[in-house]
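Heads up, the thing below is written out as structure tokens.
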Amino acid sequence: MAKTYSKNGIKQEIVGKLRRHFSREVTEANAKQIYLACAMVIRDELVERMMEAQAKIKENEERQVHYLCMEFLIGRSLRNNAFNLGMQEALEGALADLGYEVADIFEVEDDPGLGNGGLGRLAACYMDSMATLGMAGNGYSIRYENGIFRQKIENGAQIEQPDTWLETGAAWQIPAMDDAREVRIGGAVKTRWEDGRLVVEHTDYTPVIAVPYDMPISGYNTENIARLRLWQAKSPIALDMEAFSRGDYLKAVEKVAMAESISKVLYPEDNHLAGQSLRLKQQYFLVSATIQDICAKHKARYGTLQNFAEKNVLHINDTHPALVIPELMRILMDEEGMSWEMAWNNVSQSVAYTNHTVMPEALECWPTDLVQAHMPRVMMIINEINERYCKELWNYYPGDFDRISKLAIVADGQVRMANLAVVGSFSVNGVSELHSGILREKVFSDLFRVYSTKFCNVTNGIALRRWLCEANPELTELIRSKIGNGFITHPSELQVLSNFGSDPKLLRQLKQIKDHNKQRLAAYIAEHNKIEVNLDSIFDVQVKRLHEYKRQMLNILHVMAMYHQIKKNPSAPLVPRTIIFGSKAAPGYAAAKKTIQLIHSIANMVNHDPDVGDKLKVVFIEDYRVSLAELIMPAAELSEQISLAGKEASGTGNMKFMMNGALTIGTMDGANIEICQAVGPENIFIFGMETPEAEALAASGAYCARDYYNANPVLKDVLDHIRRGFGDHVDYNDVVAGLIDGGPGRTDRFMICKDFESYCLAQERVAQMYQRPENWNYMSLINIANSGRFAADRAVAEYAQNIWRVHTNFAY
Ligand code: 26Q
């Protein structure tokens with residue numbers, strides 16, 4: 001049984017850690033040392049519980065879930081763990097006694113930026129739920145030395161800086177050197193038959209050692225702990241001594257550097273495929289180390305791998321870890337001597353695949369040459385999978401060569417990872433109802449005819465405790481006072497809040513809490529942006545990765561429209577707004593970077609114009625990340641979810657805003673549709689084309705953005721102004737040209753001009769509603785009350801029940 005901690009107990013432990021690890025008395029220690037001491041105290045408890053949890057898994061012979069993902073955007077750990085373990089108050093008290101403000105100590109921790117955005121954050125939210133639901137959950141990823149870059153803005157442009165999160169992040173990780181695995185990259189493969197068995201010899205490869213670092217992931221109010229295993233690449237040799245002896249010192253270290261480069265840096269591309277060979281090596285590195293590890297543990301427990309699928313699920317988060325399919329085949333056949341059929345049964349019964357994007361540029365295809373060069377045995381196996389599968393397809397589509405070559409895994413010199421993932425798994429799911437439908441009907445329509453029973457949907461969810469309880473303690477307290485504690489582990493109980501819709505006091509309290517949270521954010525903005533925002537203005541927020549399909553441009557065009565309206569008639573009444581952006585652009589994505597620049601040019605003009613006063617402010621929050629999201633979500637009043645319909649697989653920011661009482665302005669895209677269903681169309685601001693219309697218009701090739709420019713004087717003024725520029729020596733002709741110059745079907749890929757008018761009208765409805773606070777607050781309440789279904793606990797319980805077939809303690 002775990003200890004319960006008192007304030008004094010924790011204080012003593014902190015003092016002890018400071019002395020033993022830093023040889024400092026409390027009075028001499030700095031904030032970082034205090035933070036590290038706190039982390040160590042909590043980690044001790046976590047590690048003990050994790051060991052117990054792992055022992056229990058072994059003992060019970062439960063089916064285990066292994067969640068493979070190239071990204072885990074876990075966010076800070078100290079507060080999260082203290083909260084989950086019920087130690088937050090005691091820790092707060094202990095720190096206060098020692099003369100520290102707990103919030104200041106939390107701020108010392110760097111955000112572990114092991115991810116880009118939605119996909120990585122989802123993985124982190126799911127780990128939290130797996131732990132909370134009492135599951136044997138294991139996450140696997142890479143211990144990137146440099147996480148997502150830190151963003152600085154200089155003269156309105158994004159500058160990337162390295163992210164060295166390990167200084168404070170390492171405190172949560174336990175190296176497990178004895179579980180290190182060797183991953184073999186490159187080399188040559190020879191095969192021969194011996195006693196009726198294929199013998200595979202892999203020579204001249206580069207060995208890379210994968211060293212695991214384990215992060216205990218706590219669940220809420222439970223002894224159970226999930227484990228996130230992060231692999232670090234190490235060279236097996238310290239130096240190439242042969243080169244060293246020759247006096248070729250550079251060569252001597254090169255080999256080492258090459259091996260270790262694998263876990264050096266996270267690729268900062270989101271929803272885009274940068275076909276670089278280091279990325280492919282990273283993917284194989286993750287997959288090979290992970291599956292070797294799982295197989296070794298399994299074999300030690302059961303003495304065989306024949307029952308592998310019965311005891312293990314390998315969940316692949318998008319196609320990035322899809323090489324686990326051929327890699328497990330390799331182990332089962334080459335190392336275990338299993339037949340193809342038996343190996344294939346085990347593989348295809350253990351792998352489950354979630355797709356996270358329909359953007360064609362993000363669908364992974366790797367040149368066969370590259371796969372051949374870096375993982376020659378895996379390429380052989382992929383070819384064999386492909387041949388057998390194409391034969392099978394022949395039964396469904398006899399004589400239809402065209403279709404079969406479209407469906408093939410290997411074709412045109414490429415390995416199509418999505419096809420490999422669908423063929424090699426027992427379950428394929430999308431991340432919202434709409435997205436799963438698009439997978440069935442569009443992206444995988446031919447595959448769906450062959451494998452229809454594999455396809456299903458699990459709509460995404462978010463960690464309610466991080467995004468509501470920890471990020472918004474005042475709101476949590478208010479909810480607790482009305483409906484009790486149950487919602488914290490039974491999110492659907494939030495529904496009970498809707499009974500209070502006609503309680504004016506509660507609605508006022510909601511508004512007060514929102515105002516407090518707005519003040520906190522305003523203070524941050526005052527300090528970091530040197531902008532004084534109007535606390536009576538609508539906090540209108542779009543925070544997410546920068547991508548054309550997410551249409552930050554549409555938002556900024558509307559800002560310009562409001563600006564022009566003010567300039568035309570400065571004394572006309574206007575509902576004041578603060579437009580807040582936060583967003584990183586992939587470093588090589590020129591259009592995205594230009595959008596950041598444009599936001600800054602416009603902000604600069606608007607924020608300094610005396611005609612505007614406090615009616616309108618534009619704020620760009622630098623280096624948007626999980627810890628800032630925790631500050632921003634509770635303060636937001638309007639959540640911008642304005643992607644072109646059919647492009648955003650789900651979105652999860654939309655859920656975080658909703659749970660914190662923001663109203664959504666959005667298109668019928670991704671999970672917005674389900675949010676709309678949950679709250680009712682009267683409690684959300686929906687605009688724009690729906691997916692079928694958008695798709696038909698795009699497919700017709702007749703879409704002409706310029707027609708909308710010609711027809712809508714507001715849009716025309718805005719674009720003309722942008723073309724003229726802002727007197728800051730930045731030329732935006734390319735931006736406007738990309739929208740309207742170039743003829744039908746050639747510009748404005750995401751049909752911003754088409755949706756502009758309807759967006760402006762929806763924004764008008766927002767402004768009207770904001771002037772009726774009692775209505776607005778009621779809508780806000782309804783959003784909170786219906787956000788339970790977007791909790792990760794619900795999503796993970798669905799995965800467990802419908803896909804993984806493992807038990808959880810979740811009660812619907
Ligand atoms: C692939 C190959 C090479 C380099 C990079 C990548 C790569 C990396 C990250 C491709 C895609 C991603 C990230 C995708 C992503 O975050 N998708 C989002 O997933 C969320 C969780 O399901 C959804 O809510 C979002 O709608 C979706 O955009």
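Order of appearance sets the numbers: ligands from 1, and atoms from 1 within every ligand.
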Do [Y] and [X] meet the salt-bridge criterion of a basic N to acidic O distance under 4.0 Å?
| X | Y | result |
| --- | --- | --- |
| Lys647 | Glu548 | no |
| Arg749 | Glu361 | yes |
| Glu798 | Arg794 | yes |
| Glu470 | Arg76 | no |
| Asp110 | Arg150 | yes |
| Arg466 | Asp128 | no |

Is there a polar contact between ligand 1 and [X], counting only N or O atoms under 3.5 Å apart?
| X | value |
| --- | --- |
| Leu119 | yes |
| Lys550 | no |
| Glu269 | no |
| Val431 | no |
| Asn116 | no |
| Gln283 | no |

Show which atoms of ligand 1 fall inside a sub-4.0 Å distance from at least one heavy-atom site of [X].
| X | value |
| --- | --- |
| Glu364 | 2 (C) |
| Asp270 | 13 (C), 16 (O) |
| Tyr549 | 28 (O) |
| Glu71 | 8 (C), 9 (C) |
| Ala649 | 26 (O) |

Hey, is [X] touching ligand 1 through its side chain, its backbone, both or neither, going by heavy atoms under 4.0 Å?
| X | result |
| --- | --- |
| Met70 | neither |
| Ser650 | both |
| Asn460 | side chain |
| His356 | both |

* Check if Gly651 has a non-hydrogen atom at a distance under 4.0 Å from any atom of ligand 1. =>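 Yes, Gly651 has a heavy atom closer than 4.0 Å to ligand 1.
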
* **Where at least one partner belongs to residues 434-443, residue pairs that pass side chain to side chain donor-acceptor pair (under 3.5 Å), sequence neighbours excluded** =>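 For residues 434-443: Asn355-His435, Ser436-Asn457, Lys442-Glu695.
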
* Say whether, by atom type as modelled, one donor and one acceptor occur between the side chain of Ser583 and the main chain of Lys544 under 3.5 angstrom. => yes

For residues 406-415, which side-chain donor-acceptor pairs fall under 3.5 Å, sequence neighbours excluded?
none

* Nearest 0.5 Å, what's the CZ-OG1 distance between Phe687 and Thr667? -> 5.5 Å

